[in-house]
Amino acid sequence: MADEIEQRYDPATIEPKWQQKWAADPALYAAEPVDCGKPKYYVLEMLPYPSGQLHMGHVRNYSIGDALARHMWMRGYNVLHPMGWDAFGLPAENAALKNNTPPREWTLSNIAAMKRQMERLGLGYDWATEVTTCLPEYYRWNQWFFLRMYEKGLVYRKKSKVNWCPECATVLANEQVVNGCCWRHETTIVDQRDLEQWFFRITAYAQELLDGLDKLDEWPEKVRTMQRNWIGRSEGTEVDFFLAEEAEQGAGGRDQGSEKTRIRVFTTRVDTIYGATSVQLAPQHALVASLVATNPELKVKVAELLDQQKKAREAGDLGAIEKHGVFTGRVAINPYNGQPVPIWIANYILADYGTGAIMSVPGHDERDFEFATKYNLPIVQVIQPVDSAVKVELPFCSEEGTLINSGEFTALSCEDAQLLMQSVAERSGFGEPKVTFRLKDWGVSRQRYWGTPIPMIYCDKDGIVPVPDDQLPVILPPQIEITQQGGSPLSRVPEFMHTTCPKCGGPARRETDTMDTFVDSSWYFYRYTDAKNSTAPYDPAKAQYWFSIDQYIGGVEHAILHLIYSRFWTKVMRDLGLIVNDEPARRLFTQGMVIKDGAKMSKSKGNVVSPDDMIAKYGADATRMYALFAAPPDRDLDWQEDGVAGVSRFLARVWRLVMKHAPVARAAQGQSVTQNSEIGTALLRKLHQTIAKITLDFEGRWHFNTCVAAIMELVNDLQAADAQLAAGEVPAPVIHELLRTLVLLLAPFAPYLAAELWQELGEEDSILRAAWPVSDPELAKEDELEIPVQINGKLVQVVRVAADATPKAIEAAALAGERIVSRTAGKIVVKVIVVPGKLVNLVVK
RNA sequence: GCCCGGAUGGCGAAAUUGGCAGACGCAGCGGACUUAAAAUCCGCAGAUCGCAAGAUCGUGGGGGUUCAAGUCCCCCUCCGGGCACCA
């Protein structure tokens, strides 16, 4: 009876036991000093927001990372496997409103709860390097970086149109606006407000961020493409069209042309400029104000256009806006041919891209064609296909063509014309080649409480004054009343706001906005390398040892936001002399989503599966292993509880198998394998094939689902041989070798069970300190192969041949097969294809 | 509209370099053990026809290359994701 209970696999007793042991031994998962002599490996999973509950996406993410970390430990690497908390952010303020709990307490208790969940999962993190971004020890370095960037001209303040989420009651960065809505509130339309904001000059690195993508060849192509699109580099030309009245004096001194006398347009197709039949301004264009000043009728129409654009932007569907425009009554002069073209104002012209003005070439641009057709503007063809016999239908938008009707440029190719026309513009002073980016500077001011205070002071006498380093950190007041009032909460805390000017000592006030929380996550992984440093964000020597991150793992939803900001931050830190690498992560892996019943898990759909429930029912090992087994890590995973039960049954089988034969195995510990039986040889062969398969997968392919399947196959074979094992038909040292290695292979996927069985096999040190098994190709080799024999591509028979049989011998064996003989009787074998080790195909007529 | 994924049994999936399609698991069915059930163990299991031996069909659809195609090429459908008047 006692025996039976002991023989049952019960994760509820073994898992807590090991949790305690591991918690009492912080060195187990700790990174070793930089001079330990081992090769380093930095494996990182994206840090979570401490909502209070892990979800299955986290479980999957961390199961992948932990399996890799454990594998690398066993391969003898010095592994850094840290974890932290992206702990600033709006939910803490919302919770404060709802439950009257201060954000700090709410956040810290959530962290404690989630950390406990992580421990239950058995994740091997080095908690000595834990980073919590809402603590002053961390965010003071956000402030420090802000000041360094300010000194470098990478931080500036300007009033501008910004995205405002009414739900968050704060400004959002461009990257945080999804389809015109807030990234946190998918149904809340973002409006535009004029506000004074702090910006990071990420555009200064636009070209480098783009170029760097080519070198990140171990990042998913998908992420690189998304970033390329986001950066949106576009090569073209800026050209000045002159206002007609000013044209004459402009002819004498074009380079003197001011904003009032010229309209600068950006085009990628300057070669089509002889086909320009109007100039189109964005409704917000600087010139518009003076044009409408004397024309009330026009003013009304422009207001309408502006409103249409605003509505379309809010609806997130700028692409579908119906094009409207209004003629200003004024004309501009095309600088290349002196021809006048009408100036229009149109709702589809964006003020914040290029120069906010375009030349309209309806013959060679879809949008211009649509607009010109609607308003009866002339459509002129100036490009014809290289093969002039081809009949063209306008608009003809290809760049493979020849110029016509283009004065001195006629007969040039589009490409040649662009270059020549650019140099003409430059020489004459009415234009120049220009590279435009879609990427905008990163607006980081947030009118929220729970974030890093921006370390700036406003003094009536000295203006904007940075907080001196020795006054950092600017501490976020711990207890404030959170209300739903608009404006920055800190502006209602006089003791925070009122300060003295560092320069003149007079009364001054602090900046009351806080930083975007994406600042926190832009450099946290550097802090992990030196988390306790109180005099610098980190010791560059330590960071240099650990960086780049060897493997970064997270969800693809961060492809633009976090992953572009953190690339930017790394380049800034490099230019500050704090790091030598150009990119934070050498290799990036984006795991698929966890779904249930074909849909993303969400409270509203009621299909959320709680990790705690799974652990309580099946144990952490089964939960983790299922997360790896149910699908390859890069694909979406459909959570099926029956599948978890299946994995749990498998683990129980492993348990019984090892427990049953452990006494024999233990007794043979230390004895080398000198002789073996036929069945033992077959089992060792399977074992070494399994080692090879799993090791190879860890090296890159990462199809852990097939790794788990391979272990299951091995266990199936062992179980099929159970009677022989029990009867002593396999030498004890072989049994020891089989079970010991099985447990080693299991260790990255089911750490609790592996630890328990490892001990059961008489091992005393942690399994993480044991060497990962190496496959012996001699032992893995099959001595006989089954060769399928096809006739005309269809399988007819399988024949057995020696593994080293020559093609001739294989062919002979194939032709001798009885079914082959009867099928080929009376027919002609035209051709025999022998693929050694694979198959034989007979072409028969 | 453009770009990137994906589509394989009742379900999750496998097939790593063009070489036995469906490994492994779930659900299902049959059997053993049990008074019975659970658990466990053994076996069956793509579809159609057939008592069987076996035959035919089969990786979203259509065409092609090849001795051989889930895999390569061309065209199309559907699903997921990203971008979308960016001049």
Side-chain angles (χ1 to χ4, degrees), chain A residues 8 178-179 220-226 228-230 232-234 236 265-269 272 280 282 309 312 316-323 346-350 352-361 365-368 370-371 436-439 556-557 559-560 592-593 595 598 600 626 629-632 634-647 649-650 652-653 656 693 696-697 700-701 703 705-713 715-716 719-720 722 786-798 830-835 837-844:
Chain A
R8 216 181 87 227
V178 181
N179 284 332
E221 191 52 52
K222 183 181 171 171
V223 172
R224 295 195 287 163
T225 305
M226 284 165 73
R228 263 186 212 108
N229 290 341
W230 187 259
R233 184 182 197 272
S234 178
V265 303
F266 174 70
T267 177
T268 55
R269 292 297 305 275
T272 65
Q280 305 281 343
Q309 192 182 85
D317 209 4
L318 213 55
I321 191 172
E322 196 185 334
K323 291 182 179 53
N347 63 356
Y348 70 98
I349 307 301
L350 305 172
D352 57 0
Y353 182 79
T355 59
I358 64 153
M359 63 178 198
S360 177
V361 185
D365 183 282
E366 296 277 357
R367 298 154 300 180
D368 296 345
E370 187 191 331
F371 191 86
T436 297
F437 292 93
R438 210 184 75 114
L439 183 72
V556 74
E557 65 273 16
I560 308 267
M593 282 191 307
I595 58 178
K600 198 175 168 174
Y626 174 74
F629 177 62
D634 55 331
R635 269 214 254 171
D636 286 353
L637 180 156
D638 195 56
W639 195 270
Q640 295 185 10
E641 194 174 329
D642 284 340
V644 189
V647 172
R649 278 197 294 271
F650 166 71
R653 263 165 57 214
R656 286 191 301 269
K693 192 249 172 304
L696 186 65
D697 253 302
R701 200 178 72 134
H703 279 202
N705 54 329
T706 62
C707 292
V708 174
I711 297 174
M712 287 172 169
E713 282 187 51
V715 170
N716 288 347
Q719 190 169 300
D722 187 61
E786 290 192 333
I787 300 291
V789 184
Q790 301 177 331
I791 293 180
N792 295 333
K794 281 187 184 173
L795 178 69
V796 173
Q797 191 176 357
V798 177
V830 183
K831 200 173 173 187
V832 181
I833 292 117
V834 179
V835 186
K838 292 286 186 186
L839 59 38
V840 176
N841 189 14
L842 308 176
V843 185
V844 171

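Please read all numbers here as calculations on a predicted model, not as lab measurements. In the text below, chain A, chain B and the rest are named by the order of the sequence lines, each starting its count at 1.
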Contact class for [X] (heavy atom, under 4.0 Å): base, sugar-phosphate, or nothing?
X        : value
A/Leu842 : nothing
A/Glu370 : nothing
A/Asp636 : sugar-phosphate

Quiz item: Under 4.0 Å between a Lys/Arg side-chain N and an Asp/Glu carboxylate O for A/Glu713 and A/Lys693?
Solution: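 Judged by the 4.0 Å cut-off on N to carboxylate O distance, A/Glu713 and A/Lys693 do not form a salt bridge.
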Which whole number of Å gives the distance between the [atom1] atom of [N] and that of [M]?
N      : M      : atom1 : result
B/rG9  : B/rC29 : C1'   : 16 Å
B/rA84 : B/rC4  : C1'   : 15 Å
B/rC11 : B/rG46 : C1'   : 13 Å
B/rG12 : B/rC41 : C1'   : 25 Å
B/rC33 : B/rC42 : P     : 15 Å
B/rG10 : B/rG28 : C1'   : 8 Å

Quiz item: A/Tyr626 versus A/Val708: any side-chain heavy-atom pair under 4.5 Å?
Solution: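 Not touching, per the 4.5 Å side-chain cut-off.
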Quiz item: Does A/Glu786 use its side chain to pair, donor to acceptor, with the backbone of A/Val798 at less than 3.5 Å?
Solution: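 It does not hold such a pair.
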Quiz item: A/Lys831 has a side chain; which of B/rA87, B/rA7, B/rC67 sits nearest to it?
Solution: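 Looking only at heavy atoms from C-beta outward on A/Lys831, the closest nucleotide is B/rC67.
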Using atom names, set out every protein N or O paired with an N or O of nucleotides 53-57 of chain B below 3.5 Å, distance rounded to 0.1 Å.
residue, atom, partner, partner atom, Å
B/rA55, OP1, A/Arg823, NH2, 2.4
B/rC57, OP2, A/Lys794, NZ, 3.4

Practice problem: State yes or no: are the ring centers of A/Phe629 and A/Phe650 separated by less than 6.0 Å? | Solution: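 Not close enough - the centres of the two rings lie 6.0 Å or further apart.
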Quiz prompt | Qualifying residues under side-chain hydrogen bond (donor to acceptor under 3.5 Å, both in side chains), relative to A/Gln640, sequence neighbours excluded | solution =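 Testing A/Gln640 for side-chain hydrogen bond (donor to acceptor under 3.5 Å, both in side chains), a comparison that skips the adjacent residues, returns A/Asp638.
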Quiz item: Considering residues at least two apart in sequence or located in another chain, which fulfil the side-chain hydrogen bond (donor to acceptor under 3.5 Å, both in side chains) criterion with A/Arg269?
Solution: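 If we apply the side-chain hydrogen bond (donor to acceptor under 3.5 Å, both in side chains) test to A/Arg269, skipping adjacent residues, the hits are A/Asp271.
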Quiz prompt | Under 3.5 Å side-chain donor-acceptor pair for A/Arg653 and A/Asn716 | solution =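 Short answer, yes.
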Quiz item: Closer than 4.0 Å, any side-chain N/O of A/Arg438 to the OP1 or OP2 of B/rA84?
Solution: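 Yes, such a contact exists.
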Quiz item: Looking at A/Arg701, does any N or O in its side chain come under 4.0 Å of the phosphate oxygens OP1/OP2 on B/rA14?
Solution: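 So the side-chain polar atoms of A/Arg701 never come under 4.0 Å of the phosphate oxygens OP1 or OP2 of B/rA14.
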Practice problem: Mind telling me if B/rG12 is syn or anti? Syn here is a glycosidic angle within 90° of 0. | Solution: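 Anti, which is what one calls it when the glycosidic angle falls more than 90° from 0.
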Self-check item: Cation-pi, A/Phe371 ring and A/Lys323 (6.0 angstrom, 45 degrees)
Solution: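 Judged by the rule, A/Lys323 and A/Phe371 form no cation-pi pair.
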Specify the separation, in whole Å, of atom [atom1] of [X] and atom [atom2] of [N].
X        : N      : atom1 : atom2 : result
A/Asp368 : B/rC85 : CG    : C1'   : 10 Å
A/Leu637 : B/rG6  : CG    : P     : 17 Å
A/Tyr348 : B/rA84 : OH    : C1'   : 16 Å

Please list each protein N or O that sits under 3.5 Å from an N or O in nucleotides 18-26 of chain B, with the distance.
residue, atom, partner, partner atom, Å
B/rA23, O2', A/Glu713, OE2, 3.0
B/rG25, OP1, A/Asn716, ND2, 3.2
B/rC26, OP1, A/Arg649, NE, 3.4
B/rC26, OP1, A/Arg649, NH2, 2.8

Quiz prompt | Helical stems, RNA chain B - three or more consecutive Watson-Crick or G-U wobble pairs below 3.5 Å | solution =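 Output for stems: B:1-7 with B:77-83, B:10-12 with B:24-26, B:28-32 with B:40-44, B:46-49 with B:54-57, B:60-64 with B:72-76.
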Please list, for nucleotides 3-5 of chain B, all pairs of protein and nucleotide N/O atoms separated by less than 3.5 Å.
none

